[in-house]
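Take a look at the structure below.
Throughout, protein chains are lettered first and strands after them, A, B, ... in sequence-line order, and every chain is numbered starting at 1. Everything numeric here is computed off the predicted structure, so don't read it as measured data.
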2 protein chains.
Amino acid sequence: MVTGKAGGRSRVTAVDVAREAGVSISAVSRVFTPGASASSKMRAKVLAVSERLDYMPNAMARSLMTNRTHLIGIIMANFKNPVYLSILDSFTHAIQQRGLRSLLFNVSRGDDLEASARQIMEYSIDGMIVSAASMSPLLSDQCRRRGIPLVVFARHPRNVKANVVTADNVAGGRLAARLLIERGYRRMAYVGGPETVSTSLDRGSGFDQALAEAGLDRVRRVNATDYGYDEGYEAVSRLLNGGDRPEAVFCANDIMAMAALDAARYDFGLRVPEDFAVIGFDDIPFAATKPYRLTTIRQPMDAMVRQSIDVLTDQISAPDVSPVTRILPCSVIERDTVRSS
Amino acid sequence: MVTGKAGGRSRVTAVDVAREAGVSISAVSRVFTPGASASSKMRAKVLAVSERLDYMPNAMARSLMTNRTHLIGIIMANFKNPVYLSILDSFTHAIQQRGLRSLLFNVSRGDDLEASARQIMEYSIDGMIVSAASMSPLLSDQCRRRGIPLVVFARHPRNVKANVVTADNVAGGRLAARLLIERGYRRMAYVGGPETVSTSLDRGSGFDQALAEAGLDRVRRVNATDYGYDEGYEAVSRLLNGGDRPEAVFCANDIMAMAALDAARYDFGLRVPEDFAVIGFDDIPFAATKPYRLTTIRQPMDAMVRQSIDVLTDQISAPDVSPVTRILPCSVIERDTVRSS
DNA sequence: TTAACGCCTGCAAGCCTTTGCAAAATGGCG
DNA sequence: CGCCATTTTGCAAAGGCTTGCAGGCGTTAA
């Protein structure tokens, strides 16, 4: 290895700075290590030279020694629902605020979540956030074995041992049911997502519970094949074409609710909210636009993100505490797709 | 440093595997280095032990030697427009496909782009993609000095020396104008984003050009304070309230176009497309929903992403080629907000 | 059977930091 | 001015991996 190695031009390193400033390498290191002892003369000298040479400590070499990478892995699956853009926004922001960096992994195209996780682990990240429908217990095992704090976001898988931060989806479903009942609707249906997804399941079962408590039965239930607009449209059309046409639907997310609204109005000539009510879930920005004005159940996303990062950083600094689970309450955002009294 | 250091339990390393398998460390390394020479016996033995011990090479240590991190930095600013979710989807997917990883940086809240870039550089990333409104020349300088390939995505700043992959926004603007002219509209207006953003500027000037060529003048132009729905709504209301009411508007993105449509229909009682035409830009999924059916100009996002990554990886393997700029054509997606003949 | 030839493999140096330890410098105080 | 208590500072050893070099071994040809 004689000349400039494989990659780009060799960076300026701490030895260059040390030589130039006439100090030891350790001194340079200490100037760039918060909390290390260095006289102000020293600090000034090193900083000046670093500035001039455009020196910057090499994070890789550093992490080799410190066993900290300041990298947080984010595993995401849903790139179709705009809520996830704002979730990503909040997460990356919160992560950067704390001086950490986000390593983003996309597991949407059925790419093996397991395999991705392994890849991530090569980087010995400090912590990991998973926001993906399928959360395998093997992943959480991997993390525990390697001592990597993990929080499962907006999902509540029963069979994994990890931190969980989620909205209270069951309670959210109940909220929807009670609103509908209170407003005099009687024949309700639920439009869920794919059958395996715990959020959809929880929202549905909360809905059913509250219905049952009021002595009502859910008329029907359909599951969309995916969480998108088209899939929702198709599912709702199926629902409205069948017998037992409901007076109200509760949808597992806003996108499907918007599809429901469109299908009801444009294809079935239903008046909303007079003939037919629709409730969504999430409160995405589009739900508030003029043509929709969707009544919906809101998850406290900001709080969820904040708590996730809190839990994660706590766990990073104190690795041996046992996993916590935080369940945050939803609220109803009332607009115009449920009649007002 | 006697006992378990700062971070989690110490990982299993190549020496563990080597000892256990009765081979040298180099052997282990070579088994995990594609293209290195190792007999199949060797390989089998090492792989078996690695499996059992759950060994995985440490990417940090590796990159220290190879000068390659396999990390691609993505700098993004716009977390409000859903197009960026699909862009992120495509990028992360393409990056993973090539065995690389995405380090995502959020510079939306006016966080200094410069400062973020510096942070990113500490990780000595292999390449960087910037999709942010403001692209400072200093950033591209930083990259060039450090030998980090850089591509500017969906933006065409004149004053930076870097790879550029973007849609032909000027031509896109012309497309919009010509469609409108051909369909008999005469009094046009443009609704742009903040005045400093090159995409909005280019789209507007292409629009103006084509109008001028047809002997028409743009009636008015308004700029929204941001690219969102509410800002668009406000801008369009201003436009329609003023004198010289136009018969058609071209909006710098779909979100504002949707806002325009809503404002025109709900607040001004205009019939679209009979009395009033609207054209957007981007072709986001919501533009296709029943209440909108928006006619719009589409950027070839997938191709743009693919080319960006191609350019980037080319540049990574051959660092000394000069920057390229690729400008891809837009197309019109015709739906129902411009009359059909 | 022996020599020449290749493929494997191990050795050890190097990548860029951090950090325990001990020596040097500083400062306060009598 | 000398002594002791603190800082500062430098040395050198990690940390986990890659890789040039040279010796080892198995193979083929004579």
Side-chain angles (χ1 to χ4, degrees), chain A residues 1-46 50 53-70 121-124 146, chain B residues 1-46 50 53-70 121-124 146:
Chain A
M1 188 168 315
V2 182
T3 61
K5 50 218 109 40
R9 31 207 98 325
S10 50
R11 301 171 35 155
V12 7
T13 74
V15 308
D16 300 320
V17 176
R19 190 182 340 98
E20 197 76 4
V23 303
S24 73
I25 305 180
S26 337
V28 177
S29 168
R30 281 192 262 257
V31 167
F32 284 94
T33 306
S37 96
S39 67
S40 46
K41 284 199 303 289
M42 172 88 269
R43 171 159 278 117
K45 206 164 33 171
V46 169
S50 300
L53 266 46
D54 198 20
Y55 167 72
M56 203 175 295
N58 181 327
M60 305 295 151
R62 167 176 289 183
S63 80
L64 202 52
M65 278 303 293
T66 59
N67 247 2
R68 284 257 161 288
T69 54
H70 299 276
M121 306 263 177
E122 290 191 356
Y123 286 88
S124 44
R146 295 200 141 69
Chain B
M1 188 167 313
V2 183
T3 60
K5 51 220 105 44
R9 30 210 104 321
S10 50
R11 301 170 34 155
V12 7
T13 74
V15 310
D16 300 321
V17 177
R19 190 182 341 96
E20 197 77 4
V23 302
S24 74
I25 305 180
S26 336
V28 177
S29 168
R30 282 192 260 259
V31 167
F32 284 95
T33 305
S37 92
S39 67
S40 48
K41 283 199 303 289
M42 173 86 271
R43 170 159 278 117
K45 205 163 35 170
V46 169
S50 300
L53 264 45
D54 198 19
Y55 167 72
M56 202 175 298
N58 180 328
M60 306 295 150
R62 166 175 291 185
S63 80
L64 205 50
M65 275 303 291
T66 59
N67 249 1
R68 283 256 162 288
T69 54
H70 298 274
M121 307 261 175
E122 290 192 356
Y123 286 88
S124 46
R146 296 200 141 68

Asn67(A) CG - dT17(C) P separation (whole Å): 17 Å
Separation of atom CE in Met65(B) from atom C1' in dG15(D), rounded to whole Å: 14 Å
Sequence-distant partners of Asn58(B), side-chain hydrogen bond (donor to acceptor under 3.5 Å, both in side chains), two or more places apart: none
Sugar-phosphate only, base, or nothing, as touched by Ser29(A) at under 4.0 Å among non-hydrogen atoms: base
Donor-acceptor pair, side chain of Ser29(B) and main chain of Ile25(B), under 3.5 angstrom: no
Closest nucleotide among dG14(C), dG16(D), dT18(C) to the Ala61(B) side chain: dG16(D)
Tyr123(B) side, atom OH; Arg62(A) side, atom CZ - distance, nearest 0.5 Å: 9.0 Å
Under-4.0 Å side-chain N/O to phosphate OP1/OP2 contact, Tyr123(B) with dC16(C): no
Step-by-step side-chain contact (heavy atoms from CB on, under 4.5 Å) determination, Arg11(B) to Asn67(A): CA-CA 10 Å; Arg11(B) 301 170 34 155; Asn67(A) 247 2; 5.9 Å; no
Axis deviation across the helix from dT1(C)-dA30(D) to dG30(C)-dC1(D), five-pair ends, to the nearest 10°: 30°
Candidate nucleotides dT19(D), dT17(C), dC17(D), ranked by approach to the side chain of Thr66(B) - the nearest: dT19(D)
Spacing of Phe32(A) atom CZ relative to dT17(C) atom P, expressed in whole Å: 10 Å
Beyond-backbone contact of Tyr55(A) with Val46(A), side-chain heavy atoms, under 4.5 angstrom: no
Salt bridge (charged side-chain N to carboxylate O under 4.0 Å, His left out) contacts in which one or both residues fall within residues 25-45 of chain A, not counting sequence neighbours: none
NE2 on His70(A) to CD on Glu122(B), rounded to 0.5 Å: 9.0 Å
Tyr55(A) side chain near dC16(C) phosphate (N/O to OP1/OP2, under 4.0 Å): no
Between dT19(C) (P) and Arg62(A) (CZ): distance, integer Å: 9 Å
With sequence neighbours excluded, residues passing side-chain hydrogen bond (donor to acceptor under 3.5 Å, both in side chains) with Thr69(B): Asp126(B)
Residue pairs passing the salt bridge (charged side-chain N to carboxylate O under 4.0 Å, His left out) test where at least one lies in residues 12-23 of chain B, sequence neighbours excluded: Asp16(B)-Arg19(B), Glu20(B)-Arg52(B)
Under 4.0 Å protein heavy-atom contacts per nucleotide of nucleotides 4-10 of chain C, with B for base, S for backbone only and - for none: ----SBB
Nucleotide dT18(C), atom P - distance to CG of Leu64(B) in whole Å: 12 Å
Nearest-angstrom distance from the residue atom CG of Asn58(A) to C1' of dC17(D): 14 Å
Spacing of Arg68(B) atom CZ relative to dG16(D) atom P, expressed in whole Å: 24 Å
Between protein and nucleic acid, restricted to nucleotides 22-25 of chain D and to nitrogen or oxygen atoms under 3.5 Å apart, what atom pairs and distances do you find?
none

For atom CE of Met60(A) and atom P of dT18(C), their distance in whole Å: 13 Å
Nearest heavy-atom neighbours spanning Ala38(B) and Met42(B): CB-CG, 4.2 Å
